Number of protein chains: 2
Amino acid sequence: MTTMSNRYQAEGAKSRPTMRHVAALAGVGIKTVSRVMNDEPGVSEATRQRVLGASQQLNYQLDMAAGSLRRAGRQTLSVGLLLPSVANPFSSEIHRAMEDALAARGIAVFAASLDDDAEREKALVTAFLGRRVDGLVLTPIAKSQAYVIPEHSRDLPIVFIDREPVGIEADAVVTDNAVGAAKAATHLISHGHTRIAYMGDRTDIQTARERRRGFTEELGRAGIATSTVPVREGLHDEESARLATLELLRAEEPPTAIFSSQNLVTFGVMRALKELGLNKRVALVGFDDFTLADMMEPGVTVIAQHPDRIGKLAAERLLARIDGDHGAAQTYVVPSELITRGSGELRPPE
Amino acid sequence: MTTMSNRYQAEGAKSRPTMRHVAALAGVGIKTVSRVMNDEPGVSEATRQRVLGASQQLNYQLDMAAGSLRRAGRQTLSVGLLLPSVANPFSSEIHRAMEDALAARGIAVFAASLDDDAEREKALVTAFLGRRVDGLVLTPIAKSQAYVIPEHSRDLPIVFIDREPVGIEADAVVTDNAVGAAKAATHLISHGHTRIAYMGDRTDIQTARERRRGFTEELGRAGIATSTVPVREGLHDEESARLATLELLRAEEPPTAIFSSQNLVTFGVMRALKELGLNKRVALVGFDDFTLADMMEPGVTVIAQHPDRIGKLAAERLLARIDGDHGAAQTYVVPSELITRGSGELRPPE
DNA sequence: GGTGTGCCTGACAACGATGTCAGGCATCAT
DNA sequence: ATGATGCCTGACATCGTTGTCAGGCACACC
């Protein structure tokens, strides 16, 4: 039979060897092969070597999917990771940190991009559930995550990152958005600014709202009438931020400092400032650190997030849940950090 | 029985419903449920609705792993992607492009980072094979990829990206490294430079060698004695590139132009030039485009690769192979592009 | 010699699904 | 009435592996 099937498949796809093939070649039972491949005790050294030899000869490899089908607990040693985009630097650093933390346990990561699309979020969660991942880490974008309640209460570990979920109680790992934005405000105020503009992302994004709240509350605390604060929101890319900034700076009584709530927005602001030759006159603090920020003219002061820590922490929480931690859901806050590089330390003109 | 198991598991992990549960609730056979879930024909509309209702009520979801166990061809609708690092911008753009091309077919992507570690390459390939991926896309780093020959000849689709594999004939998608580097050389020569330094990456990386070859060959063609070309290699990060550049520029007869073979090296060179106040005097062309290159002083001229096209093409080739294309292995070359921004157009001092 | 104690080992069912196949029931032509 | 033809449907084996369990064998002890 073996011969038959070999000949039959000689010119096409050769099929992968199974335990049965290894067992036949080694002259043992299939269960013994299983024991050897899984490093289970109770196999004599001689048998072990025979099986190992046969398996190498056939280039045999255990089929994890088939194994976990029968195995208790059904672990697949894979998890799903849903990010705004795998190509986004912030996301990909989280991804990397998680990978490192999970690789130690032999867990592989399915990664996917959401593009701020709520439908895609649900579709991808479904796709990963169908693959029976051991856990899910996701950046929520849909209005509510209640749709995963059935799975979550069936004990599927889920950790939300960057944004807290709505409609479900589950672990989350987030940056101290409001506090970070407040730090930016304090920093600019302490350098003499009172007319500080806020350039913000789409308001349907929770972190954007938090940053705005932290920022304006801090201005209020400092005695600056929040009604006088120029606020531009709904900026989701470089170009819209650039245009909004140009408009703002050409208006009467332009701001002497700008706080931008996100990477791409910061880039747009930088472009506008440079165009108008104001890059060394108008102060700027951006939320999110970025490559080459120190090479700008002047260097760009930022509120840096720590995607590596977020990723690591998320992975640790996920592993704890996978290992059976049934404690109450909790939100973990990773502190942001002010990094001064020049642009945030410019003083207003006399 | 159903009641029993519900009560039993009320306080712990509820188990996931299976087809049997759905079948029991709908009062049909298990195979009928299978037909409905897979949109197979031959089910009356009335039965279909009953099954659909039951499956929704139980929140049932098909188990892909179990399904593909029996299904012909054993497709898992997942592929493995091995990158230098998922956090590397070049890699993550490839990743994104692949994801988009594969998502249309419902294929999920396992992504992992190699960190230029040959052992990790093999370990991760093994890990993905154990998960029975339908295909593999990988950036080779090990000296030879002959170890995947058994799987490849068993019809596992494999596409190499960025670098060509060694010891195996398989599809590859790469940038025209030598041509791109030659373009950089031509560009600098046409702007009057004859003393052009080459700052290169580790020579064990194939693309680095190709870039160097293309660069020096072009200088030779232009009549520049290659023995006079300052070459610094083995630079793998910003700091080593910065130091090498400082040393080079402080030596006698410093170059009037620099070609850097890679992103991080370019950053190091930029830092050194700025430190010495030479950023507007010494010309620079870097291999690899990067964010904010146009915001530098001056803007940085680069040979841009097209990671999005590389990713898309790799995904297309992989799908073709998955669909049974048994044509000879082929290497696909994605052309690079010269983007002028200022730094590469600086002329040498008289 | 009988028996208990470990240590190895393999037969068998099961995991959750799909492929195969045969059977039941209308409908329709003869 | 009889047989042929389709359409639905479910019993059963099977995918590759692991859990369970019982059996065989060697050794030591009484």
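As the structure is a computational prediction, the values presented were derived from the model and not from experiment.
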Tell me the interatomic distance from [X], atom [atom1], to [N], atom [atom2], rounded to whole angstroms.
X	N	atom1	atom2	value
R50(B)	dT9(D)	CZ	P	8 Å
I30(A)	dT20(D)	CD1	C1'	15 Å
M37(A)	dT17(D)	CE	C1'	12 Å
M64(A)	dT18(D)	CE	P	11 Å
D63(B)	dC15(D)	CG	C1'	13 Å
Q75(B)	dG19(C)	CD	C1'	17 Å
Y60(A)	dG16(D)	OH	C1'	7 Å
E40(B)	dA17(C)	CD	C1'	11 Å

Legend entry - Side-chain donor/acceptor contact of R35(A) with base of dG10(C) under 3.5 Å: yes
Legend entry - Residues D308(B) and K312(B) bridged, charged N to O under 4.0 Å: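 Here D308(B) does not pair with K312(B) in a salt bridge, since their nearest N and O are not under 4.0 Å apart.
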Inset, instruction - Examine the side chains of S85(B) and R96(A) and answer whether a donor and an acceptor come within less than 3.5 Å of each other. - result: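 Yes, because at least one side-chain N or O of S85(B) sits under 3.5 Å from a partner of the opposite role on R96(A).
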Give a yes/no on whether any side-chain N or O of [X] is located under 4.0 angstrom from OP1 or OP2 of [N].
X	N	answer
S34(B)	dA17(C)	no
T47(A)	dC8(C)	no
T32(B)	dT9(D)	no

Inset, instruction - Could you pick out which residue, S44(B) or R71(B), lies toward the 5' side of DNA chain D when each is mapped onto its nearest nucleotide? - result: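 Upstream on the strand: S44(B).
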Legend entry - Contact nearer the 5' end of DNA chain D, comparing P41(B) with L69(A):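 In this pair, the answer is P41(B).
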Inset, instruction - Indicate, with a heavy-atom threshold strictly under 4.0 Å, whether G42(A) touches base, sugar-phosphate, or nothing. - result: base
Inset, instruction - Using a 4.0 Å heavy-atom cut-off across all strands, classify S68(B) as base, sugar-phosphate, or nothing. - result: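 Nothing, no nucleic acid heavy atom in range.
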Inset, instruction - Find out whether L124(B) and L114(B) are in side-chain contact, i.e. whether some heavy atom of one side chain is under 4.5 Å from a heavy atom of the other. - result: yes
[X] side chain: which of [options] is closest?
X	options	value
R70(B)	dT14(D), dG10(D), dG16(C)	dT14(D)
K31(A)	dG10(D), dT17(D), dT20(D)	dT20(D)
R20(A)	dT9(D), dT17(D), dG10(C)	dT17(D)
M19(B)	dT18(C), dG16(D), dT18(D)	dT18(C)

Inset, instruction - Could you point out which residue of V43(A), V28(A), V22(A) forms a side-chain contact (heavy atoms from CB on, under 4.5 Å) with V36(A)? - result: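 The single option meeting the side-chain contact (heavy atoms from CB on, under 4.5 Å) with V36(A) is V43(A).
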Legend entry - Heavy-atom pair with the smallest gap, counting every atom of L77(B) and R105(B): CD2-O, 4.2 Å
